[in-house]
There are 2 protein chains.
Amino acid sequence: MNRRQASKQETRQLILAAARLLFAQKGMEECTIRDIAKAAGVSPASVVVHFKSKTALLEEALNRDLENALTAFIASMPEDQGLLERLLHLATDFFRLYDQNRDLYRALIRHTIFEPEGETPHMTSLSERYIRFLAGLIESEQNRGRIKPEVDPMMAAAACFSLYLGALIMLFRQAEMSVEAVAEVLAAMTGQYLDGLTERIKP
Amino acid sequence: MNRRQASKQETRQLILAAARLLFAQKGMEECTIRDIAKAAGVSPASVVVHFKSKTALLEEALNRDLENALTAFIASMPEDQGLLERLLHLATDFFRLYDQNRDLYRALIRHTIFEPEGETPHMTSLSERYIRFLAGLIESEQNRGRIKPEVDPMMAAAACFSLYLGALIMLFRQAEMSVEAVAEVLAAMTGQYLDGLTERIKP
DNA sequence: TAATTAAGATAAACATGTTTAATAAATAAA
DNA sequence: TTTATTTATTAAACATGTTTATCTTAATTA
């Protein structure tokens, strides 16, 4: 790596570190690019040169933690529980994470979820990873004969993810709603959905 | 009504009319408050005095059409079809509407769906109306014994709405995705979900 | 009717994300 | 080594949503 490339990476990291700190402290709206630039010791223009936009910087700043969180959540998945319990386990882990800083994560999701996929590469890849993992859970249940063979695991995972998003919207829209309450709603909805996938034993 | 109140309403309507026109023509981002103010023949400050923010103005500007659309979609609902077909009918109607101006409706939904309920009164009431209608459909199926009696219609409607939102996200995120393709995915997901609600005839 | 108050409208200012044009320094070319 | 070129950085400008202080005029009151 060049001397130039190296120093470029260094300022990039300075900006990222400052952004992580300030975004977490003050939230997305209350934290300006000028604030971050000042904390990083660079010019505001540099922030935009290194990261295309404030939204892109937010996505980049939170991505590492989110990827690590997903990895940790997957690793801590209890092996001995049923499919519904495991789906809820994962969802609830994320609810709890988002609950620690609702405004910040609301901003992140709000700014990324409806945008064209290419514009939000990290969130796109994170949700794809999430959905693929769900599909894996579903497929392994299917292999054990507990789910109808004609069910497409990716499609079913996408449906579970949609239900999860619906619950997430509740969490963000209703400040007084607790993680537990949202998880309960999601449990009911997902339970009903899985019931539709379930192979029925002929009585 | 006062002369003062009357003229206030008049400028409000001027702004709304200009906003409807310009938002539809240029989209949310490409259309500035100054543009709208100029077209309405008022000052930019007036726009903000009458509508709390640009987002609130967008919500207000599109609300009438959306409420009317929902009314029309409900009215045109075929009576002779099954629950799944009817759910899809309604969803597809909205997909087609949004497809006419994806950027504009993406902006609307993006700016409202994750915000606290009180901040987006129109979108809140629109989606509540949507969900209540779905719940009505589900309840009437339940009354005919086609859906398990223990299912809560509102909860099931919320689940269907979540699936609808998941499909909507696909539509907005993937520019090349057609309304038909999205409707097909939603059909599969909703079909599986309804299967879980269905009362099974003991063979 | 005259004086006072309240309210609607706005010009000007402000805050902040983003762009542009200029600078300086490192790399490549001669 | 000297020159030319590319590039990271930035200061200044710009665009635009929003706020503030001012002005005008309608409503109210004396």
Side-chain angles (χ1 to χ4, degrees), chain A residues 1-20 22-23 25-62 103-104 107-108 110-112 115 119-120, chain B residues 1-20 22-23 25-62 103-104 107-108 110-112 115 119-120:
Chain A
M1 188 159 59
N2 262 344
R3 188 151 125 222
R4 203 135 65 175
Q5 290 169 319
S7 95
K8 186 181 178 180
Q9 281 310 308
E10 199 185 336
T11 58
R12 187 188 158 85
Q13 291 308 319
L14 285 175
I15 296 170
L16 261 184
R20 288 206 182 93
L22 292 185
F23 276 142
Q25 276 178 6
K26 316 208 284 178
M28 164 112 179
E29 325 291 342
E30 289 69 32
C31 166
T32 70
I33 288 190
R34 284 167 177 81
D35 290 338
I36 295 171
K38 179 173 270 186
V42 302
S43 77
S46 252
V47 175
V48 186
V49 169
H50 278 269
F51 304 89
K52 213 172 52 184
S53 68
K54 194 184 183 184
T55 298
L57 175 58
L58 180 68
E59 204 202 353
E60 193 81 40
L62 297 184
D103 286 344
L104 185 63
L108 174 68
R110 203 183 93 105
H111 282 87
T112 55
E115 301 315 300
E119 315 239 315
T120 61
Chain B
M1 186 160 63
N2 261 346
R3 187 151 124 222
R4 197 131 74 177
Q5 291 168 317
S7 95
K8 186 180 179 182
Q9 282 311 307
E10 198 185 337
T11 59
R12 188 189 157 86
Q13 291 308 319
L14 285 175
I15 295 169
L16 260 184
R20 289 207 181 93
L22 291 185
F23 275 143
Q25 275 177 6
K26 316 209 284 178
M28 163 113 180
E29 325 291 343
E30 289 68 31
C31 167
T32 71
I33 288 189
R34 284 168 178 80
D35 289 339
I36 294 172
K38 179 174 271 186
V42 301
S43 77
S46 252
V47 175
V48 186
V49 170
H50 279 269
F51 304 89
K52 214 172 51 185
S53 67
K54 192 184 183 184
T55 297
L57 174 57
L58 179 69
E59 203 202 353
E60 194 79 40
L62 296 184
D103 286 344
L104 184 63
L108 174 68
R110 204 184 93 108
H111 281 86
T112 55
E115 300 315 301
E119 314 240 315
T120 61

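Chain identifiers are assigned alphabetically (A, B, ...) following the order of the sequence lines, protein sequences preceding nucleic acid strands; residue numbering begins at 1 within each chain.
Computed from coordinates, the B/Glu29 CD to D/dG17 P distance equals 9 Å when rounded to whole Å. With rounding to whole Å, B/Gln9 atom CD is found 10 Å from C/dA9 atom P. A straight line from CG of A/Asp35 to C1' of C/dG17 spans 13 Å, rounded to a whole angstrom. Atoms CD (B/Glu10) and C1' (C/dG8) sit 13 Å apart, rounded to a whole Å. The distance from atom CZ of B/Phe51 to atom P of D/dT19 is 16 Å, rounded to the nearest whole Å. If you take NZ of A/Lys38 and P of C/dT16, they are 12 Å apart, rounded to a whole angstrom. The separation between A/Arg12 atom CZ and D/dT9 atom C1' is 16 Å, rounded to whole Å. Distance A/Met1 CE to C/dT27 C1': 16 Å, rounded to the nearest Å.
Interface residues of residues 53-62 of chain B facing DNA chain C, ordered by number: none; criterion, heavy-atom separation under 4.0 Å.
Side-chain nitrogen and oxygen atoms of B/Ser7 include none within less than 4.0 Å of the OP1 or OP2 phosphate oxygen of C/dG8. Residue B/Thr32 has no polar side-chain atom (N or O) positioned under 4.0 Å from OP1 or OP2 of D/dA15. Within the 4.0 Å cut-off from OP1 or OP2 of D/dA27, not a single side-chain nitrogen or oxygen of B/Arg4 is found. Taking side-chain N and O atoms only, B/Arg34 has no distance below 4.0 Å to OP1 or OP2 of D/dT16. Between B/His50 and C/dG8, a side-chain N or O to OP1/OP2 separation shorter than 4.0 Å is absent.
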Find every protein N or O atom lying less than 3.5 Å from an N or O atom of nucleotides 28-30 of chain C, and list the pairs.
none

Please tabulate the protein-to-nucleotide N/O contacts below 3.5 Å involving nucleotides 10-12 of chain D, giving atom names and distances.
{"residue": "D/dT10", "atom": "OP2", "partner": "A/Ser43", "partner atom": "N", "Å": "3.2"}
{"residue": "D/dT10", "atom": "OP2", "partner": "A/Ser46", "partner atom": "OG", "Å": "2.9"}

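Here the OG-CD distance, from A/Ser53 to A/Glu59, works out to 9.0 Å after rounding to the nearest 0.5 Å. Between atom CD1 of residue B/Ile33 and atom OG of residue B/Ser43 there is a gap of 10.5 Å, rounded to the nearest 0.5 Å. The OG atom of B/Ser7 lies 9.5 Å from the CE atom of B/Met1; values are rounded to the nearest 0.5 Å. Here the CG atom belonging to A/Leu14 is positioned 11.0 Å from the CD atom belonging to A/Gln9, to the nearest 0.5 angstrom.
In this structure, A/Asp35 and A/Thr32 have side chains that are in contact, with non-hydrogen atoms separated by less than 4.5 Å.
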request  = Apply side-chain contact (heavy atoms from CB on, under 4.5 Å) to B/Leu104 and B/Leu58, showing your working.
outcome  = CA-CA 9 Å; B/Leu104 184 63; B/Leu58 179 69; 3.8 Å; yes

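Among the candidates A/Glu60, A/Lys8, A/Gln13, the single residue satisfying the side chain to side chain contact (heavy atoms under 4.5 Å, CB included) test with A/His50 is A/Lys8. Evaluated for a side chain to side chain contact (heavy atoms under 4.5 Å, CB included) with B/Leu57, the options B/Leu62, B/Val48, B/Leu16 yield exactly one hit, B/Leu16. If you run side chain to side chain contact (heavy atoms under 4.5 Å, CB included) between A/Met28 and each of A/Leu108, A/Thr55, A/Asp103, only A/Thr55 comes through.
Positionally, the nearest nucleotide of DNA chain D for B/Lys52 lies more toward the 5' end than for the other of B/Lys52 and B/Arg3. For B/Ile33 and B/Gln5, each mapped to the nucleotide of DNA chain D holding its nearest heavy atom, the one lying further toward the 5' end belongs to B/Ile33.
The nearest pair of heavy atoms linking B/Ala107 to B/His111 is O-ND1, 2.8 Å.
Ion pair A/Arg110/B/Glu115 flagged as a salt bridge, since at least one NZ, NE, NH1 or NH2 atom sits closer than 4.0 Å to an Asp/Glu carboxylate oxygen.
The neighbour count for B/Gln5 CD, taken as heavy atoms of other residues, nucleotides or ligands under 6.0 Å away, is above 12.
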